[in-house]
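To start, the structure under review is shown below, and the notes come after it.
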Amino acid sequence: MSNQKKRNFQIEAFKHRVVVDPKYAEKTWSVLEHAIHEIYNHNASGLSFEELYRNAYNMVLHKFGEKLYSGLVTTMTAHLKEISKSIEAAQGGLFLEELNRKWNDHNKALQMIRDILMYMDRTYIPNAHKTPVHELGLNLWRDNVIHSSKIQSRLLSMLLELVHKERTGEVIDRGLMRNIIKMLMDLGSSVYQEDFEKPFLEVSAEFYMGESQKFIECCDCGDYLKKAEIRLNEEIERVTHYLDVKSEVKITNVVEKEMIASHMMRLVHMENSGLVNMLLDDKYEDLGRMYNLFRRVPNGLSTIRDVMTSHLREIGKQLVTDAEKLKDPVEFVQRLLDEKDKYDNIISQAFCNDKTFQNALNSSFEYFINLNNRSPEFISLFVDDKLRKGLKGVSEEEVEIILDKVMMLFRYLQEKDVFEKYYKQHLAKRLLSGKTVSDDAERSLIVKLKTECGYQFTSKLEGMFTDMKTSQDTMQGFYSSHLELTDGPTLVVQVLTTGSWPTQPSITCNLPAEMSALCEKFRSYYLGTHTGRRLSWQTNMGTADIKATFGKGQKHELNVSTYQMCVLMLFNNADRLSYKEIEQATGIPASDLKRCLQSMACVKGKNVLRKEPMSKDIGEEDALLVNDKFTSKFYKVKIGTVVAQKETEPEKLETRQRVEEDRKPQIEAAIVRIMKSRRVLDHNNIIAEVTKQLQSRFLANPTEIKKRIESLIERDFLERDNNDRKLYRYLA
Amino acid sequence: MPPRASKRKTAPPNSSSVTSSDGRSVFSKTKTKGLGKIDRLFNSYANSSSGEIDPDGIVALCSDLGVDHTDVRILMLAWKLKAAKQGFFTQDEWRTGMKALRVDSLSKLKKVLPELEIEVGKPSNYEDFYAYAFRYCLTEEKQKSLDIESICELLNLVLGAQFRPQVDSLIEYLKVQSDYKVINLDQWKNFLRFVQEISFPDLENYDSGLAWPLILDNFIADFIRTLREP
């Protein structure tokens, strides 16, 4: 009943009574302050987290955040100052332990305080741009403890002392170190760096400077490097155990600089134990260590490489200019191969197959091999020796390995065309005397040369092989169509195509009647099947096997040259002949005749002839007789074979002249080829292009190229440009 | 009407009767009056049987001009005449040359010589003259080079006045070296370039790596070597 008044139902804003009581803030704060004290005094268990949180929350809510924050700062600071004193009071080794303990305590306290004051951390602090609680706690620790005057320097010196102790071999408490260092890291990277790392690096530098100085005075290179490696590994280990991982590269830099970089040159050049000695003695382990250490410092590897290169060039130069060693070409080349093997091993075992070192090795070899202009000849002689006898009984794989090594030396040669000339000469001799150990090996080498230098290089060589085969077939055909000859002397003819074989002046001597008849029969047989060809007998290149019976009835089979055969056959019809008579009858040129008589009359064991007078040389007035007293252990006696030998000086000059002559048309052909495609080109570029094109055969001389250009201008192949005098123009 | 002078292609049998004392043509007032004078001048030196001025004729001409017959100006004259063979002037060459020089008498020829020198000296002509000098000395057909002796003389004659020190050194070298027994046109042309372009005797701008003929490279190397020796 009654009137129900309409009441405006208003919901009013909740008006909490603004606490004007200033004492409220004070009271609340003192609760919290007390709590902080308790926390620091390890009495936190009696506190109610919820209540404290609420108190803090209320303070902030009622806009007393400022008071709370500054109170926190003051309180914490006071506590930390006390803590600082207690740490200072610690004696000796206990100092760090105390510091560590107090730090742990502080962290725990800080955690709790932060939890309690979390609301302030999230609201008041960001708004007021103040430092958050946790960070504040760290900063206060830093400022009041770590940077306190009595602690700061003591802390540092203790830490450094411990490190030093460990470096001198003592055992230290690594766990403690780790904790302290971690504390510094937690306080901020600038604290870690300024309060520890920087001084640590400085002190380490001094330490290692001193140590390296000490070692370098008393150790040899290998030992020093061992010590350096040990120290380096130690430092790395130290970092993993108790330092900031970012310090690793810094401390290793210090060690590298002090122990390696500063003494690099002295180490490398150390007498009796330096790099050169290590190389000479194949000290793989030491070299490997040096490589690994030096690669860490700037210019380390290039220093090793440079010393190795100059050493190699020195040895190489000595080797190729040592007259003693050059007496035996085969020995010489073997030494080169041995040296190459040695260094290949060093590079693979100690230098990690580093390509830059391989290149240095190659360039050094290329340098000194070409210092001696007889290298091409000698390498060919080496190959000749191997193919004649050296490879006898060697397995196929071994053969390939040796030939590959020879090819590698060949690649270093600048004058490959000179090699080609000699190789041809030596191959011809081998083929004609039938003295090759393995046909397969010969062909294998030709294939390798072809792969390296192209078809033109080897086409003539292959032609030589073809000729030999064809000749065999020809001889078979000859004898099967002349069955009546099977009882007479056996003739073996090799028909050589002029262009493929090294040119020889062909002087025909007078063959004994039996032979000349036989040869004529062959000539007509051959020309019957090959019209239009011309045959000329190369009597200076042949050999003969003849049976001889001497005065006391001793029989021998003599293997002689064709010239020698002609001379000996004369004695079937005369007991004594003068030099002049022999010369006349045989028609052999004087120098060859003298050599041939000498080998039959003046060499012990081969003296099938006797000479009057008994002098060493053949004089034109001498007379020759059969040596009836000739004896030999062997039934078959070899007198005078056409073996490949080192050339005499005049022969060498002649060969070189021929090579020079051969080069001229090659240079001209290159010039014309280049100008034909370019039409106009300047001088320097022509020289460069021509040199490049001819590189695979020989190193073209710029002066020679210029001469050829002028010759081509004279013959109207090229002309100079009228305006730009550096240009040449191709005249079609 | 006086008889017209016919264009004579060859010299008349007796040349002595043609020239009068003052050199005037007997047959004046003809179209070919100038040509006539030129021809008469030609005939006064030409060899009657060959119909050309031969070396003797040239010697006579030189003495009349007051110039030594080895003087470079005769060479210049030959150039102007485009004379093909050394020591000889054909009638065609003579006519062309005289007309180009605009002279028809000995005295005029004498007067024009200094102008000729200047004309030759012009850069546009000089190279041509220089090359001509070489070709002029080639006597055999298909001959392409001159022997060293002749080259030295020619160098002296053509370049000596203007480039005395270089020419002297070069001649000295050419005489003692043994690489080359003859010089071809290409080398000859480059001698001119050399004296014109390369500063002497310091040789500062010479680069043997460039396209100078080898003979000059060798000359420079030798020259530098002798400089070093006291």
Side-chain angles (χ1 to χ4, degrees), chain A residues 656-657 660-661 663-668 670-695 699-732, chain B residues 123-132 134-135 137-138 140-148 151 174 177-199 203 205-225:
Chain A
R656 186 140 284 270
Q657 259 177 338
E660 292 297 333
E661 278 307 309
R663 285 179 182 177
K664 287 185 180 158
Q666 291 177 63
I667 297 178
E668 289 196 354
I671 296 173
V672 171
R673 246 196 322 270
I674 291 166
M675 290 306 294
K676 198 163 175 180
S677 76
R678 306 287 214 101
R679 297 274 136 192
V680 178
L681 196 56
D682 70 283
H683 183 83
N684 284 334
N685 273 323
I686 287 195
I687 302 277
E689 289 278 337
V690 169
T691 310
K692 202 165 81 167
Q693 275 204 13
L694 295 172
Q695 209 177 21
L699 191 62
N701 180 337
T703 308
E704 195 55 48
I705 299 178
K706 210 185 216 189
K707 268 198 202 152
R708 294 294 108 220
I709 293 177
E710 285 180 27
S711 168
L712 288 169
I713 291 178
E714 209 179 299
R715 282 137 61 199
D716 294 326
F717 280 89
L718 303 177
E719 65 175 1
R720 291 185 203 270
D721 185 275
N722 276 327
N723 302 317
D724 184 350
R725 293 306 191 147
K726 286 200 289 294
L727 291 179
Y728 297 105
R729 206 177 275 282
Y730 180 70
L731 293 172
Chain B
S124 46
N125 290 327
Y126 194 71
E127 237 181 88
D128 191 64
F129 166 72
Y130 179 82
Y132 172 83
F134 181 89
R135 286 194 292 269
C137 296
L138 299 173
E140 307 297 319
E141 206 184 303
K142 297 215 180 140
Q143 184 184 356
K144 284 195 167 163
S145 333
L146 284 178
D147 62 282
I148 295 286
I151 288 286
L174 287 172
Q177 59 83 34
S178 52
D179 295 318
Y180 294 90
K181 308 252 186 327
V182 293
I183 299 290
N184 61 30
L185 180 60
D186 177 61
Q187 289 163 313
W188 172 254
K189 281 192 187 161
N190 277 283
F191 287 160
L192 176 65
R193 263 186 69 211
F194 176 76
V195 298
Q196 282 178 333
E197 290 177 23
I198 301 297
S199 66
L203 305 172
N205 51 344
Y206 184 82
D207 181 2
S208 67
L210 291 180
W212 291 103
L214 201 55
I215 190 170
L216 281 173
D217 288 341
N218 295 344
F219 163 63
I220 296 292
D222 189 74
F223 182 76
I224 292 178
R225 193 178 50 81

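Proteins get letters first, then strands, A, B, ... in listed order; numbering begins at 1 in each. Keep in mind that what you see is a predicted model, and the values were worked out from it rather than measured.
- For chain B, the option among A/Arg720, A/Lys726, A/Glu719 with the highest count of heavy-atom pairs below 4.5 Å is A/Arg720.
- Considering OH of A/Tyr728 and CG of A/Leu712, their distance stands at 10.5 Å, rounded to 0.5 Å.
- Under 4.0 Å is where a charged nitrogen must lie from a carboxylate oxygen, and between A/Asp716 and B/Lys144 at least one such pair does.
- For a residue to count as touching a neighbouring chain, one of its non-hydrogen atoms must lie under 4.5 Å from one of that chain's; by this rule A/Asn722 does not touch chain B.
- Classified by interplanar angle (parallel below 30°, tilted 30° to 60°, perpendicular above 60°), the ring pair B/Phe194/B/Trp212 is perpendicular.
- In this structure, chain B has a heavy atom under 4.5 Å from the side chain of A/Lys706, while its backbone stays farther away.
- Ring geometry for B/Phe191 versus B/Trp188: interplanar angle over 60°, hence perpendicular rather than tilted (30 to 60°).
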